[in-house]
Amino acid sequence: MKIQEHTIAKAFLQACDFVINTGQGLADHIACFLLGDQHTLTRYANNQVIQNVRKQDHTMMVKVILSGRIGMASCNQLDEKTLYRTVKQAVELAKFAPIHPTVAGFPEQEIIPQVNGCDEATEQVTAAEMAKMVDVIVSNSIANHLRAAGAVQVQVVDQAVANSSGVRVYGRRTKAEVHAVVLGKTGSGYASDTKKSFYDLQAEEVARVAIEKCQLSEGAIELPAGDYPVILEQKATAELLSYWGVLAFNPVTYHQGNGFLSNRMGYRVLSEQLSISEDPLGKEGLPDGFDWDGLPKQKVSLIQDGVATGMVYDDVTGKKYGCKSTGNARYPLSPSYVGISPSHLHMEAGRTSRADMISQMERGILITRFHYVGVLHSKEILLTGMTRGGTFYIENGKIVSPVKNLRFTEKIPSAFNHVVAVGDQSKLHSWTGLMSTVKAPDLMLSTFHFNGAASH
Amino acid sequence: MEHIAKFAIQEAEKLGAEYTDVRVSQFIKEELEIQNGELEKLLYHEDQGIGIRVLVEGGWGFVSTPKQCEQEVRKCIVQAIGLAKASGSVRQEKLVLSPIDKAVAEYRTPFKRDPFDVPLAEKMELLEIANAALRVQPEVTVAKSMMYMHREEKLFLNSVGSHIYQETTIVGAGIQAVASDGKDVQVRSYPNTFQGNFQQAGYEYIEGLGLVEEAARVAQEAAQLLQADNCPEGVQTLILHGSQLALQIHESCGHAVELDRALGEESGFVGESFLTSDCLGHFQYGSEMVCLTADATTEGGVGTYLYDDEGIPAQRTPLVENGMFVGYLSGRDTAPRIHSESSGAMRAVGWQNVPIVRMTNVHLEPGDFTVNEIISSTESGIYMEGIKSWSIDDIRYNFQFGCEIAWEIKDGKRIRMLKNPFYTSNSPEFWSRCDAIAHDDWQLWGVPNCGKGEPYQTIFVSHGASTARFRQVQIGVN
């Protein structure tokens with residue numbers, strides 16, 4: 001079945017058509033953005049399910065331009081009466097808005113790349129199947145006298161964008177995720193898996209890795225603060241990379257001179273072993289064909305062999321700064337502090353296996369993931385955060401001891417300039433509720449600054 | 001609202017639910033933002049829907065939908081019962097709930113001026129004038145002025161016969177200046193970092209914030225920070241303004257006393273708590289002058305209500321009394337596990353989400369000092385103000401916070417401005433070093449972005465805080 005023939009697709013496009021037709025008599029330009037979200041989540045802790053939720057909603061947002069003034073209104077009922085009222089509300093708001101000196105119309109239609117972001121079987125996953133997946137992790141943990149916590153979740157997202165300049169697009173995407181935190185007397189281990197299809201999730205492997213890390217974490221020693229060589233596992237790399245993406249590739253701060261890459265485009269800014277791209281079309285991720293302007297998404301080289309090569313834009317920032325949109329318009333109801341940034345970051349894999357990284361390390365720390373990362377200085381990309389879910393001390397090429405969680409404070413450009421080796425496999429990561437992804441390999445860094453330790 | 005809620009309760013009972021609660025709500029909000037004199041956001045939003053929670057065979061199931069017809073609600077109840085049965089299939093302990101009484105009540109936020117009746121032109125004018133005042137300072141590259149208001153009308157019904165209607169109105173506003181000289185970027189915000197400050201009130205609260213009056217100072221401080229010295233490292237006396245202390249309370253106390261965290265139920269996501277249940281009544285959390293309270297009845301608090309989203313009355317719960325840890329925030333399914341009853345702290349964001357243990361309004365009670373007395377009695381130290389950065393470990397123990405601005409204190413006086421200040425410690429050690437709390441600048445700080453749970457819920461909470469002093473704190477990165 002073609003995606004446009006889907007019942008929800010028909011209903012969404014019909015609602016969009018009604019909004020655009022209604023608005024064309026009331027405003028100079030009109031656009032609408034419709035997001036449907038079905039989220040089913042089975043949450044477990046202490047080896048039992050503690051919460052089982054299925055939530056669904058759809059939000060229609062209408063944006064109008066009237067004599068250079070912009071108004072926006074949104075609702076979550078798709079009947080014609082409510083949609084008409086919402087269009088009128090946007091028009092009324094626009095009448096009171098200040099004239100926007102640079103406002104243009106909405107973008108015109110472009111050819112959207114054909115991607116398949118939806119796994120139809122995943123839409124039909126049952127509560128019993130999700131509980132069964134939880135049971136795989138819980139049973140394995142109980143057998144090892146450990147306690148497990150985490151979630152299994154499935155998300156189905158419908159997205160439609162239309163405007164009075166001819167854009168009319170619809171897409172459906174699925175995401176399935178399982179994660180486990182396994183806890184012992186003092187140790188803990190983490191593992192996760194993210195896929196387009198629920199049926200591709202590797203729950204047994206997630207359980208095995210989390211349990212193994214937990215068992216290895218028992219009896220952690222405290223390491224003094226200081227600079228250490230580190231191996232960042234894929235999840236840890238992905239977390240730093242996601243902050244790097246948001247802070248370095250925001251086109252507004254970049255052009256205002258407030259970003260790390262301001263005046264550095266074309267120069268080498270990271271280790272030449274690193275290449276990073278915006279890769280929304282990759283089949284192994286959660287492919288996405290268009291953005292919230294309804295414009296095509298595309299692969300964008302951001303860092304090539306350490307050299308800054310590109311930036312991402314939506315239609316508005318593209319026009320403002322004389323560049324073409326790269327298909328990175330954000331969801332229009334996002335908080336205003338969420339700027340334009342890459343949505344599908346991909347750091348290319350290298351050639352070194354994790355085992356080889358460990359064996360090559362004379363002395364250093366292996367980090368599974370980070371927790372609660374905060375930004376201390378946005379232009380310098382100075383971050384702080386804790387390690388979590390398995391931190392280990394390496395000596396003479398072997399893991400010799402678990403380590404109590406450490407606090408790092410580090411400039412990420414500096415860390416990414418001290419790359420010794422890049423892992424041979426990139427892994428997909430995504431955060432709860434979001435359809436954006438980061439695909440990242442392990443990284444071996446010659447130095448990373450830790451300035452404190454936790455009690456556990 | 002009422003018809004569909006009653007229908008849901010009856011249908012769930014027919015289909016075998018042992019307990020059901022239903023929330024039907026309508027939500028409206030308005031957001032305005034001016035950036036560098038241009039409109040960044042002018043948005044009106046409305047949504048409505050129903051959230052149904054059932055208990056079947058020892059497990060919870062929750063389903064929400066925006067469609068409020070009987071056919072859809074019946075389908076949702078079948079789904080919720082399926083979820084509940086699946087929950088019960090992976091369970092090691094019997095679910096025990098603390099008692100609940102039938103309640104019939106109504107609550108409305110008191111206000112003088114309905115924010116949704118204020119002409120849009122008046123709101124825009126206030127933001128435009130404040131924005132222009134920020135831009136007078138040439139170093140300011142980004143000037144923001146923001147305003148927010150929402151109203152939620154919520155009807156709660158449950159299968160024990162409760163009928164609770166609550167109408168909550170929250171407003172907020174703020175300004176922010178980002179200054180840059182090409183090499184450095186510095187930020188100042190007023191009244192606080194997260195889009196200003198928020199209260200449960202009418203438009204009169206926004207009018208009283210003095211955004212226009214404060215704009216010149218905010219812009220000037222952002223510009224001055226570019227030339228300021230970096231905050232020196234070292235172990236020193238730290239004085240925190242309420243704007244930052246609110247976040248300190250939030251992260252190191254508010255989240256740490258959530259009973260679901262302490263019992264391990266959040267370990268799969270945000271983490272647990274160093275305040276485990278064996279600490280209750282035995283653990284010295286801070287110095288004797290530290291008294292922390294969760295109060296869901298505080299006038300104007302953005303975490304204030306009459307009943308929580310399980311139908312339990314709002315309460316004032318001592319958390320730390322004279323430094324001793326004495327209380328948790330809890331709900332009906334967590335409280336019995338410490339042989340207690342719910343503290344009425346189960347909250348859900350909108351009709352879409354399931355209620356979980358949340359902060360309400362968590363306050364540091366005012367002390368005996370004035371701000372002047374605290375500063376004038378400090379020989380040497382650092383005074384910090386405004387939230388910039390926050391990070392705390394998964395048991396709410398080790399933390400590091402950065403502030404927007406600092407001043408060096410010498411011989412009881414502020415002598416020079418400092419930039420990029422941050423401090424690090426662990427929660428009990430930090431609070432044990434508190435030796436002075438002011439009373440004359442105690443106020444409510446409304447936080448709009450407290451995140452927790454999966455699916456992630458972002459909720460409003462308040463913190464009452466004033467200026468306070470802490471001895472021997474690590475400033476900067478060691």
Side-chain angles (χ1 to χ4, degrees), chain A residues 39 41 43 45-58 70-77 89 93 96-98 100 127-128 131 134-135 138 149-151 181 183 225 256-258 336 371-379 384-386 388 405 407 409 432-433 451-452 454-456, chain B residues 33 38-49 59-66 79 82-84 86-87 89-93 120-121 124 128 141-142 178 180 182 185 264-265 267-268 274 352-354 389-395 397-398 400 402 420 422 424 426 454-456 477-478:
Chain A
H39 196 169
L41 187 143
R43 206 167 185 216
N46 299 321
N47 292 333
Q48 56 190 2
V49 172
I50 55 161
Q51 188 183 303
N52 222 337
V53 168
R54 180 181 168 84
K55 51 183 274 194
Q56 52 187 315
D57 197 5
H58 39 241
I70 299 170
M72 297 188 288
S74 54
C75 63
N76 78 333
Q77 305 292 315
Q89 183 78 42
L93 288 179
F96 289 95
H100 203 293
V134 169
D135 198 42
V138 165
V181 172
L183 299 145
Q256 282 172 340
N258 295 341
S336 59
H371 170 82
Y372 217 137
V373 176
V375 182
L376 289 167
H377 199 290
S378 59
K379 183 165 184 174
T384 185
M386 302 296 298
R388 190 181 173 193
N405 287 314
R407 170 168 296 286
T409 299
T432 186
N451 62 309
S455 60
H456 65 299
Chain B
E33 182 176 334
E38 295 178 9
L39 182 73
E40 177 70 16
K41 189 182 246 185
L42 176 54
L43 170 72
Y44 176 84
H45 169 80
E46 61 178 47
D47 65 63
Q48 54 182 280
W60 286 118
F62 175 85
V63 174
S64 61
T65 176
Q79 287 175 344
L83 289 169
S87 301
S89 71
V90 188
R91 191 132 196 118
Q92 317 303 326
E93 294 167 5
L120 202 50
M124 293 301 299
E128 283 174 339
T141 56
V142 183
V178 180
S180 173
V185 178
E265 293 198 345
S267 54
F274 73 97
Q352 299 95 330
N353 288 294
V354 68
S389 164
W390 57 100
S391 173
I392 189 163
D393 72 19
D394 57 316
I395 60 169
Y397 188 79
N398 177 292
Q400 182 162 301
N420 303 327
F422 42 102
T424 184
N426 68 66
E454 291 181 290
Y456 201 60
V477 180
N478 60 344

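The structure presented is a predicted model; accordingly, all values stated were derived computationally and were not measured. Here is how names work: the chains are called A, B, and so on, in the same order as the sequence lines, proteins then strands, and each is numbered from 1.
Both the backbone and the side chain of Thr384(A) come within contact range of chain B, with heavy atoms under 4.5 Å apart. Looking at Ile70(A), the atoms closer than 4.5 Å to chain B (heavy atoms on both sides) sit in the backbone and in the side chain alike. The contact between Asp47(B) and chain A is made by backbone and side chain atoms together, counting heavy-atom distances below 4.5 Å. Heavy atoms of Gln92(B) lying under 4.5 Å from chain A belong to its backbone as well as its side chain. The contact between Glu128(B) and chain A is made entirely by side chain atoms (from C-beta outward), counting heavy-atom distances below 4.5 Å. Both the backbone and the side chain of Ser87(B) have a heavy atom closer than 4.5 Å to some heavy atom of chain A. Looking at Leu376(A), the atoms closer than 4.5 Å to chain B (heavy atoms on both sides) sit in the backbone and in the side chain alike.
Most heavy-atom pairs under 4.5 Å with chain B: of the set Met386(A), Arg54(A), Gln77(A), this distinction falls to Arg54(A). For the set Val49(A), Thr409(A), Asp135(A), Val134(A), the count of heavy-atom pairs under 4.5 angstrom toward chain B peaks at Val49(A). The greatest number of non-hydrogen atom pairs below 4.5 Å with chain B, out of Val375(A), Leu93(A), Leu183(A), Val138(A), is found for Leu93(A). If you tally non-hydrogen atom pairs under 4.5 Å between each of Asp394(B), Thr65(B), Asp393(B) and chain A, the highest count goes to Asp394(B). Note on Tyr456(B), Phe274(B), Tyr397(B): by heavy-atom pairs under 4.5 Å with chain A, the leading option is Tyr397(B). In terms of non-hydrogen atom pairs under 4.5 Å with chain A, the most contact-rich of Asn420(B), Val63(B), Val142(B) is Val63(B). If you tally non-hydrogen atom pairs under 4.5 Å between each of Pro98(A), Ala97(A), Gly150(A) and chain B, the highest count goes to Pro98(A). The greatest number of non-hydrogen atom pairs below 4.5 Å with chain B, out of Lys55(A), His100(A), Lys379(A), Gln56(A), is found for Gln56(A). Taking chain A as the reference chain and counting heavy-atom pairs below 4.5 Å, the highest number among His45(B), Glu454(B), Glu46(B) is found for Glu454(B).
Side-chain atoms of Glu93(B) and Asn46(A), non-hydrogen and from C-beta on, never get closer than 4.5 Å to each other. Looking only at side-chain heavy atoms (C-beta outward), Pro455(B) and Gln51(A) come within less than 4.5 Å of each other.
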Q.
Between Ser180(B) and Gln256(A), does the side-chain hydrogen bond (donor to acceptor under 3.5 Å, both in side chains) criterion hold? Intermediate values first, please.
A. CA-CA 9 Å; Ser180(B) 173; Gln256(A) 282 172 340; over 6 Å; no
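Between Asn398(B) and Arg407(A), the closest heavy-atom pair is OD1-NE, 2.8 Å.
Legend: residues meeting side chain to side chain contact (heavy atoms under 4.5 Å, CB included) with Lys41(B), ordered by chain and number and at least two apart, are Met72(A), Glu31(B), Glu33(B), Leu43(B). Every residue two or more places apart in sequence or in another chain was checked for a side chain to side chain donor-acceptor pair (under 3.5 Å) with Arg91(B), and none qualifies.
Asn258(A) and Thr141(B) are linked by a side-chain donor-acceptor pair at a separation below 3.5 angstrom, with hydrogens and angles left out of the test.
Under a 3.5 Å cut-off, the side chain of Asn52(A) and the backbone N or O of Trp60(B) do not form any donor-acceptor pair. Not a single donor-acceptor pair under 3.5 Å links the side chain of Ser391(B) to the backbone N or O of Val373(A).
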